Amino acid sequence: MSSGAPRGQGQVVRLSRGASLSDFADKINANPGSLVQEMFNLGEMVTATQSCSDETLQLLGVHLGFEVQIVSPEDEDRELLAQFNIDLDAEVAEERLVSRAPVVTVMGHVDHGKTKLLDAIRKANVVAGEAGGITQHIGAYQVHVPHEGVDRAVTFIDTPGHEAFTAMRARGAQVTDVVILVVAADDGVMPQTIEALNHAKAADVPIVVAVNKVDKPEANPDKVRQQLTEYGLVAEEYGGDTMFVNVAAKPGIGIEELLEAVLLTADASLELTAPIDGPAQGVAIEAHLDKGRGAVATVLVQKGTLRAGDSIVAGGAHGRVRAMLDENGNQVAEAGPARPVMVLGLTAPPGAGDTFLAAADDRTVRQIAEQRQARRRAAAFANSRGRATLETLMEQLKEGEKTSLNLILKGDVSGSVEALEDALFNLDIPEEVQLKVLDRGVGAITESNVMLASASSEPVTIIGFNVRASNKVREMADREGVEIRYYTVIYQAIEEIEAALKGLLKPEYEEVELGSAEIRDVFRSSKIGNISGCIVRSGIIRRNAKARLLRDGTVVADNLTITSLKRFKDDATEVREGFECGLTLGGYNNVQVGDVIETFEMREKVRA
């Protein structure tokens, strides 16, 4: 108590994630040095400017009598935007609202034909460019459909098709009005079908089921309808309220009926409106670095109108919209609600799912982006540092016994990097092995990535997902002894990393019995000691094998070794069941007639 830090009487102190002791001191009008002293008294060594974890800040708060509230990232962002008089949740006057196109996410099991279905809808071939025919990126497209004599637009979001991309799927559902659940008529309901269905239900969006591949001879669309009733999707023809449409993506059967079902479902259960005037707001669906064009982000406008020349901020990236392109690569001057466009002109690729908004001028968006980046850095730094207490200092030194796999992830688009990281942290790995992601980013592997890897005290592997390193970077990696691995299909990366993690584990051994022998006679030798004359009762007796001695069923001696083994006067490597032999047990002479020698070896266990 001598350090002079003020005491609170239950007052609330709001701090952002990764705040330092200096930030805390500012809030309570204290000297940062006094808080450093208080932390030292509590057994923690923290500098005044170091980012602290949530637990550290709360521990200090309890000690000083303050109630510390850690501001959530969402509230933090709202408070930040409020400084610039921007309110994302402001209610919109009804006269400003206009009807907008429904946003549709296509979900379902891998290889059930989601991308083929989108191809049929857009009459363009996306799947040919995907590694292994698997969609690796989220794409967004808009199509126009004649419906009841009116030209209607429908926006599609194509989600990747494997469970590793669960994080992105959930994200796709957050911006979605209607979900098309694709189920193959020949395959039926599969694990990922249920996973996609659960995401759609969690997002509370209506579902239209596309029963695909009905043109195949083994197709059974009625079986799909029956299977899905177990999961609460009852077809209209069975008295339910879910529309099921039979389609065949390759020959293009039932596509019009599917689009009509989407529009009918959207009109019946949703009132899709948004203001078309005012600054644009929306969400970044995907982003990548283009060699010629810089950061390219696919954004979906949700409110207002985005125009070329607008100043925008998306996550920690900002910039002026140099150009906007539609899904066919054509330039567009403006994009209204529910319109997906590719935006050029950002300083960096935003993360998949980051909100974007247009502001009055470049200065505003730059300040918002910089403050977001600073907060993210502080939060990441606080999370990456373990709490250094006086008591755990020795334990941390000992923790060299723990093995860790350190990775730097680089990918072509932010969504892929995020999904890969999410999948890796969901791997089922034992506690004694740790997985650490030191850095992640979009774009080619750079010299700074290799420098970070080589500067680490532990070996670091750089994972390149659909990106490569230049010759110069490769040479630097070879020189520094940094491993770079390249992948184009996400499950291959996950499988290999999981295998590597299991390879880091210390091998487990199990005892395998080789054989047993009964002592029939004992010969005394002044040179060697006691020689046991035995008959092999089971298995084999092998020279240099581990052994134990049993007398009347009780272990008398363990951890013995058969040092010599003979058949008559000849040395033998092993003696099989039913044969006689003479053997000596290294360093152990107390053998008796009737004793049993069991031999065994330790074999490495294959980890499940």
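All figures in this text were calculated on a predicted structure; none of them were measured in a lab.
Atom OG1 in T193 sits 7.5 Å away from atom CG in L228 (nearest 0.5 Å). Once rounded to the nearest 0.5 Å, the distance linking CD1 of I462 with CG of L452 reads 8.0 Å. For the atom pair OG (S416) and CG (N466), the distance works out to 6.5 Å, reported to the nearest 0.5 Å. To the nearest 0.5 Å, the span separating CG on L258 from CD1 on I255 amounts to 6.5 Å. Between the CG atom in N212 and the CG atom in D187 there is a gap of 11.0 Å [rounded to 0.5 Å]. Rounding to the nearest 0.5 Å places CD1 of I157 at 11.5 Å from CD of E286.
Considering only heavy atoms from C-beta on, V332 comes within 4.5 Å of V341 through its side chain. Within the 4.5 Å cutoff, the side chain of V209 has no heavy atoms near those of the V245 side chain. A 4.5 Å side-chain heavy-atom check between R485 and E496 finds at least one atom pair inside the cut-off. Residues Y486 and I463 form no side-chain contact, since every pair of their non-hydrogen atoms from C-beta on lies 4.5 Å or further apart. Looking at L117 and V247, their side chains come closer than 4.5 Å, going by heavy atoms from C-beta outward. Side-chain contact between I180 and V262: present, with at least one pair of heavy atoms (C-beta onward) separated by less than 4.5 Å. A 4.5 Å side-chain heavy-atom check between L263 and V145 finds at least one atom pair inside the cut-off. Counting only heavy atoms from C-beta outward, the side chains of V205 and V178 never approach each other to under 4.5 Å.
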- Residues K410, R440; criterion side chain to side chain contact (heavy atoms under 4.5 Å, CB included); working and verdict: CA-CA 6 Å; K410 292 300 290 276; R440 67 200 63 68; over 6 Å; no
- Are D267 and R152 close enough, and set up right, to give a salt bridge (charged side-chain N to carboxylate O under 4.0 Å, His left out), and what steps lead you there? CA-CA 12 Å; D267 293 346; R152 297 277 298 272; 3.0 Å; yes
- Message: Determine whether E370 and R366 satisfy the following criterion, side chain to side chain contact (heavy atoms under 4.5 Å, CB included), listing intermediate values before the conclusion.
- Response: CA-CA 6 Å; E370 283 171 357; R366 189 175 67 250; 3.4 Å; yes
- Starting from the C-alpha separation in whole Å, work towards a yes-or-no answer on side chain to side chain contact (heavy atoms under 4.5 Å, CB included) for V313 and R372. CA-CA 10 Å; V313 57; R372 278 179 175 172; 3.8 Å; yes
- Derivation and outcome, side chain to side chain contact (heavy atoms under 4.5 Å, CB included), residues V283 and F356: CA-CA 5 Å; V283 65; F356 86 86; 5.6 Å; no
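Contact between L300 and T155 at its shortest, heavy atoms only, is CD1-CG2, 3.9 Å. The two residues M324 and A308 have their closest heavy-atom pair at CE-N, 3.7 Å. Among all heavy-atom pairs drawn from A248 and D215, the shortest one is CB-OD1, 3.5 Å. Shortest non-hydrogen contact noted between H318 and V365 is CB-O, 3.7 Å. Across G304 and P337, no two heavy atoms sit closer than the pair O-CD, 3.4 Å. What you find for D177 and A101 is that their closest heavy atoms are OD2-O, 4.1 Å.
With hydrogens and angles disregarded, no donor-acceptor distance shorter than 3.5 Å links the side chain of E218 to the backbone of A185. Listed for the T305 side chain is a donor-acceptor partner under 3.5 Å among the backbone atoms of I276. Listed for the R100 side chain is no donor-acceptor partner under 3.5 Å among the backbone atoms of K303.
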Return all side-chain donor-acceptor pairs below 3.5 angstrom for residues 230-242, not counting sequence neighbours, or 'none' if the list is empty.
| unit_1 | atom_1 | unit_2 | atom_2 | d |
| --- | --- | --- | --- | --- |
| E237 | OE2 | R225 | NE | 2.7 |
| E237 | OE2 | R225 | NH2 | 3.4 |

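With D326 as the partner, the side-chain contact (heavy atoms from CB on, under 4.5 Å) test is satisfied by one option alone out of R339, M342, Q142: R339.
Between D412 and R468 no salt bridge is recorded (no basic side-chain N to carboxylate O distance below 4.0 Å).
For residues 307-317, the pairs satisfying side chain to side chain donor-acceptor pair (under 3.5 Å) are R307-E334, S311-D362, with sequence neighbours left out.
Partners of K250 according to the side-chain contact (heavy atoms from CB on, under 4.5 Å) rule, which considers only residues two or more places apart in sequence or in another chain, are K116.
In Q373, the CD atom is crowded: over 12 heavy atoms of neighbouring residues, nucleotides or ligands sit closer than 6.0 Å.
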